[in-house]
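Just so it is clear, the values below take in all heavy atoms, side chains as well, and ignore hydrogens, waters and symmetry mates. Protein chains get the first letters and strands the later ones, always in sequence-line order, with residue 1 at the start of each.
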Amino acid sequence: LVSWTVMLDAYARTGQIEAAKALFDSLPERDLVVWTAMVDAYGHEGRVKDAADLFWSTPYHDVVSWNSMLTAYVKNGFYDEARDVFQTMPQRDLVSWNALLVAYAQEGELAEAERVFSQMPDCNQVSWNAMLAAYAQAGRAELAEWVFEEMPCKDLVSWNALLSVYAADGRVEQARTVIEERMPHRSVVSWNAMIAAYGQNKQLREAKQVFGAMPERNHATWNAMLVAYADAGDAVGATRVFHTMPDKN
RNA sequence: GGUCUCCCGCUG
């Protein structure tokens, strides 16, 4: 069953949701982990109804399977249902609390997100990063910077979130200083954020420099370049990017 | 072996 679950998860991660479901249906027996993996797969695919049906036909649940259903609702914008699940679940852990915080943040309910953050029984790096992202998404750059300074530890996600705060605030030079001089490590997400920042700023040349220098690219990299060309009004360049990108959806 | 936070697009 462990190998089946690994395989199901691999199908789901590559967007082969029907293959995942076919595998799930063909299993001679199922445990809670494989049920939960399938629920989560539906959630990531935006198939909330299928996720819920499967969740409620699961013979029993644990905190991880409850969390999977909770985040399926959160990710897809079903915030009332998410709150219902949170209140209904018999136990909650840090993941549940973080998911609830994210739900309020995505809803734009900053005050509620703050309330969750201050009232949750524990908080970890993810909680701090989620609060930082909440302020960033709300366009509250000053508050986001304040959280960044206050947080006890900063990981790569925190630094990347700070990059997007500056980018969204139009402070591209500050973002560049952060990525070039202050960040202890960088990832493809960091570089993508810079490409997007330069693109929004119509600095196509700088975006291209980042693109050419980065050691690793993913689909978001290509999309960000495509958008940078499109926003700059360079249809020829955009077309060239489109035809060069390895994966199109 | 399953669940939470950061980048682009789509859904809008």
Side-chain angles (χ1 to χ4, degrees), chain A residues 1-10 12-13 24 30-41 43-44 46 51 55 58 61-72 74-77 82 85-86 89 92-103 105-106 113 117 120 123-134 136-137 144 148 151 154-165 167-168 175 179 183 186-197 199-200 207 210-211 214 217-228 230-231 241-242 245 247-249:
Chain A
L1 252 182
V2 173
S3 344
W4 294 122
T5 309
V6 171
M7 201 178 287
L8 190 155
D9 205 43
R13 287 186 139 76
F24 179 84
R30 306 178 182 98
D31 66 4
L32 180 55
V33 172
V34 75
W35 279 92
T36 304
M38 194 62 227
V39 169
D40 187 58
H44 279 98
F55 176 79
T58 306
H61 298 115
D62 66 3
V63 69
V64 174
S65 65
W66 279 100
N67 285 337
S68 297
M69 193 60 240
L70 172 60
T71 62
V74 174
K75 273 191 159 54
N76 293 285
V85 167
F86 185 85
M89 51 199 296
R92 299 163 193 91
D93 64 8
L94 245 179
V95 171
S96 330
W97 284 96
N98 288 337
L100 183 68
L101 196 170
V102 169
Q106 288 181 5
F117 183 75
M120 52 201 297
C123 77
N124 61 6
Q125 187 67 45
V126 171
S127 322
W128 281 96
N129 289 339
M131 202 60 234
L132 170 55
Q137 286 154 18
F148 184 84
M151 52 202 304
K154 305 161 187 18
D155 65 5
L156 183 55
V157 171
S158 326
W159 283 101
N160 286 339
L162 184 69
L163 276 185
S164 24
V165 169
I179 195 174
M183 288 179 72
R186 296 147 204 85
S187 70
V188 62
V189 172
S190 327
W191 302 113
N192 290 349
M194 288 309 299
I195 291 177
Q200 283 161 21
V210 173
F211 182 88
M214 57 200 288
R217 301 180 183 107
N218 63 14
H219 75 278
T221 316
W222 288 93
N223 286 338
M225 276 310 294
L226 187 54
V227 170
D231 285 351
V241 171
F242 181 80
M245 54 200 296
D247 299 298
K248 303 174 179 59
N249 66 14

Check your understanding: How long is the span from the CZ atom in A:Phe117 to the CH2 atom in A:Trp97, to the nearest 0.5 Å?
Key -> 13.0 Å
Practice item. Please work out if A:Asp93 contacts a base, only the sugar-phosphate, or nothing of the nucleic acid, heavy-atom cut-off 4.0 Å. Key: nothing
Review point. Which nucleotide span of RNA chain B, 5' end to 3' end, has atoms closer than 4.0 Å to non-hydrogen atoms of chain A?
Key: B:rG1 to B:rG9
Review point. Can you tell if the side chain of A:Met214 reaches within under 4.5 Å of the side chain of A:Asn192, non-hydrogen atoms only?
Key: yes
Exercise for review: Could you tell me whether A:Leu32 contacts a base, only the sugar-phosphate backbone, or nothing, with contacts defined as non-hydrogen atoms closer than 4.0 Å?
Suggested key: base
Exercise for review: Report the residues that fulfil side chain to side chain donor-acceptor pair (under 3.5 Å) with A:His44, sequence neighbours left out, ordered by chain and then residue number.
Suggested key: A:Asp40
Practice item. Within residues 154-162 of chain A, find the residues that approach RNA chain B with a heavy atom at under 4.0 Å, and present them sorted by residue number. Key: A:Val157, A:Asn160, A:Ala161
Exercise for review: Please confirm whether A:Trp128 and A:Phe148 have ring centers closer than 6.0 angstrom.
Suggested key: no
Check your understanding: Within the structure shown, what part of the strands sits under 4.0 Å from A:Ala37 by heavy-atom distance: base, sugar-phosphate, or nothing?
Key -> sugar-phosphate
**Study point:** Spacing of the C1' atoms in B:rC8 and B:rG12 (rounded, Å)
**Key:** 16 Å
Check your understanding: For A:Asn67, what residues pass the side chain to side chain donor-acceptor pair (under 3.5 Å) criterion, not counting sequence neighbours?
Key -> A:Asp93, A:Ser96
Check your understanding: What nucleic acid atoms does A:Thr5 come within less than 4.0 Å of, heavy atoms only: base, sugar-phosphate, or nothing?
Key -> base
Exercise for review: Give, for atom NE2 of A:His219 and atom CG of A:Asn249, the distance between the pair rounded to the nearest 0.5 Å.
Suggested key: 7.0 Å
Review point. Does the ring center of A:Trp222 lie less than 6.0 Å from the ring center of A:Phe211?
Key: yes
Review point. Contact class for A:Ser65 vs. all strands (heavy atom < 4.0 Å): base, sugar-phosphate, or nothing?
Key: base
Practice item. Determine the contact category for A:Leu1: base if any of its heavy atoms lies under 4.0 Å from a base atom, sugar-phosphate if only primed atoms, P, OP1 or OP2 are that close, otherwise nothing. Key: base
Review point. Is A:Gln200 touching bases, backbone alone, or none of the nucleic acid, heavy atoms closer than 4.0 Å?
Key: nothing
Review point. Who pairs with A:Ser127 by side chain to side chain donor-acceptor pair (under 3.5 Å), at least two apart in sequence or on another chain?
Key: A:Asn98, A:Asn124
Point to revise | Contacts of type side chain to side chain donor-acceptor pair (under 3.5 Å), residue A:Asn223, not counting sequence neighbours | key: none
